[in-house]
Amino acid sequence: MGRGRAKAKQTKVARDLKYRTHDTDLSALARELHGESSVSDDSQDEETSDPWSDYADPHRD
């Protein structure tokens, strides 16, 4: 019991994904797949730094 509403929503989402027209930027996709990026190297280094370093225990060696 009670699955009707959830199933209806899943069906609606699936139908939307199937029939919706996608405006895909194919040139951006090609750049991403080939490893080219428009991000400068300075900001790239900042992004690749350890994102969890703020949460590290300062007393742990």
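Counting from 1, the numbers follow the sequence of the chain as shown.
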For Lys7, side-chain contact (heavy atoms from CB on, under 4.5 Å) partners two or more places apart:
Arg3, Thr11
The side-chain contact (heavy atoms from CB on, under 4.5 Å) partners of Leu17 (sequence neighbours excluded) come to Val13, Arg20
Rounded to the nearest 0.5 Å, what separates atom NZ in Lys9 from atom NZ in Lys12?
6.5 Å
